[in-house]
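Remember, it's 1-based here, ligands and their atoms both numbered in the order they're listed.
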Amino acid sequence: MSIPIFQSSTFEYTGQDSYHDLRYIRLNNTPNHVALHDKLAALENGEAAVVNGSGMAAISTTLLTLLSSGDHFLAQDCLYGGTHGLITKDLPAYGISYDFICGDDPDSWKSLLRSNTKALYVESITNPLMQVADLKAVVEFSREHGLCSIIDNTFTSPINFRPLELGFDLSLHSCSKYLNGHSDIVAGAVVGRTELITKITHKLNHLGGTLDPHTCFLLHRGMKTLAVRVRHQNSSALEIARFLEGRPEVEMVHYPGLASHPQHQRAQELFDGFGGMLGFELKGGFEAAQRFIQNTTIPICAPSLGGVESLITRPVTTSHACLSPQECKEVGISESLIRVSVGLEASADLVADFEQALRALVSKIGP
Ligand code: PLP
């Protein structure tokens, strides 16, 4: 029932012709890797998959496989901070240029195309503002202009969305989040056609961002409960988002499951659930946000997301700390934005905790 951990870095040579076929942990082909690849590909209805040492290893290896010096690509303007940093700070040093696009405005994309544009990169639900780009238009535009369409599907997870079915070329994950679900490993994955995954695996073999067999085992185990965890988180997050939206202390809630979310209809068409991540702003701004986080007793104040314990954070200090205040302002991430990763606690307990945290805020501010 459980695949054993094959804790061997190297395996007997049995006549393989290619370096990439020798069995060795860094070549990502030990029995633990192979079992995980099959499972990840099946989860997203892809032909093939490869796991990586982290979500960032999956993202950087994929982009460095598809893009070379002199190439240009398009990326959604609001992305996970690490991805934003890779695009704006690291890739230009390799001669790879980019333009940011507004995910909601397909008509504006064409003017940014160049003869050397090779790829288009988006997130399924963006970190941390929970925007949902026009993903159908991303696929159509990419096909029309010969671009490789890449999506970071971390926030939706394969339970809520399977991008390859919509026509994306590659779906990426930080498996550190929902796929593993227990906040005890970092890992990444890329899923897509065999031809692309083979190229990415060869690049990964050289860059070295491999996943060790013990972590493969933990990820494999975590994935067994993915569907039940995500379904619980979908319903809890929706309940909490609705509760927050109805409170007078709350200025705005970012959750694609709310009818008030600007891309709610699109999310409803594309996804089977709206996920366990939500963001919100309080009327008292930055100070209220800090105090609210201190007042809560269930969510742990920590970066990361997608685990069984609820986590709460201000993205400007964690996931988006590598963006300058100006960059945050440009994409709409305020210093008072609170992001919650809803865990598996009883939703009634979380709502009660948020309610007492809000009440304590008001009693301190005064009427
Ligand atoms: N993609 C998204 C949407 C993320 O939120 C994160 C991390 O928070 C990553 C990728 C990077 O993942 P990892 O920390 O596993 O490298």
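Protein heavy atom at the shortest distance from atom 2 (C) of ligand 1 is D152 OD2, 3.5 Å. The nearest protein atom to atom 11 (C) of ligand 1, hydrogens excluded, is given as Y80 CE2, 3.5 Å; this is a heavy-atom distance. Protein heavy atom at the shortest distance from atom 16 (O) of ligand 1 is M56 N, 2.8 Å. For atom 5 (O) of ligand 1, the nearest protein heavy atom (residue, atom name, distance) is N127 ND2, 2.9 Å. At the shortest separation from atom 12 (O) of ligand 1 among protein heavy atoms lies S174 OG, 3.0 Å. When only non-hydrogen protein atoms are considered, atom 15 (O) of ligand 1 lies nearest to S176 OG, 2.5 Å.
In this structure, T83 has no heavy atom closer than 4.0 Å to ligand 1. The closest approach between P303 and ligand 1 stays at or above 4.0 Å for every heavy atom of the residue. By the 4.0 Å heavy-atom criterion, H173 is excluded from the residues contacting ligand 1.
Ring pair F292/F280 is perpendicular by interplanar angle, where above 60° counts as perpendicular and below 30° as parallel. Between F11 and F6, the ring-plane angle classifies as tilted under the 30° and 60° cut-offs.
By the neighbour-count criterion of 12 heavy atoms within 6.0 Å, atom CZ of R221 is sparsely surrounded, having that number or fewer from other residues, nucleotides or ligands. By the 6.0 Å contact criterion, CD on E47 is enclosed, its count of non-hydrogen atoms from other residues, nucleotides or ligands being greater than 12.
Geometrically, ligand 1 and K177 share a nitrogen or oxygen pair separated by less than 3.5 Å. Taking only nitrogen or oxygen atoms, main chain and side chain alike, L305 does not reach within less than 3.5 Å of ligand 1. Considering backbone and side-chain atoms alike, I59 places every N or O at 3.5 Å or more from each N or O of ligand 1.
Note: L79 CG to S319 OG = 11.5 Å, rounded to the nearest 0.5 Å. Rounding to the nearest 0.5 Å places CD of E123 at 9.5 Å from CG of L172.
Atoms of ligand 1 lying under 4.0 Å from any heavy atom of G55, numbered from 1 in the order shown and given with element: 12 (O), 13 (P), 15 (O), 16 (O). Near A187, with a cut-off below 4.0 Å to any heavy atom, the atoms of ligand 1 are 15 (O). Residue-ligand proximity, S54 to ligand 1, at heavy-atom distances under 4.0 Å covers atoms 15 (O), 16 (O).
Counting only residues at least two apart or in different chains, ring pair (Phe, Tyr, Trp, His ring centres under 6.0 Å) contacts with residues 194-247 comprise H20-H202, H20-H206.
Remark: E355 engages R247 in a salt bridge, criterion side-chain N to carboxylate O under 4.0 Å.
Partner of F73 under the side-chain contact (heavy atoms from CB on, under 4.5 Å) criterion, out of I150, L66, L91: L91 alone.
Side chains of D353 and T296: no donor on one and acceptor on the other come within 3.5 Å.
Proximity of C175 to ligand 1, defined as any heavy-atom pair under 4.0 Å, is not found for any part of the residue.
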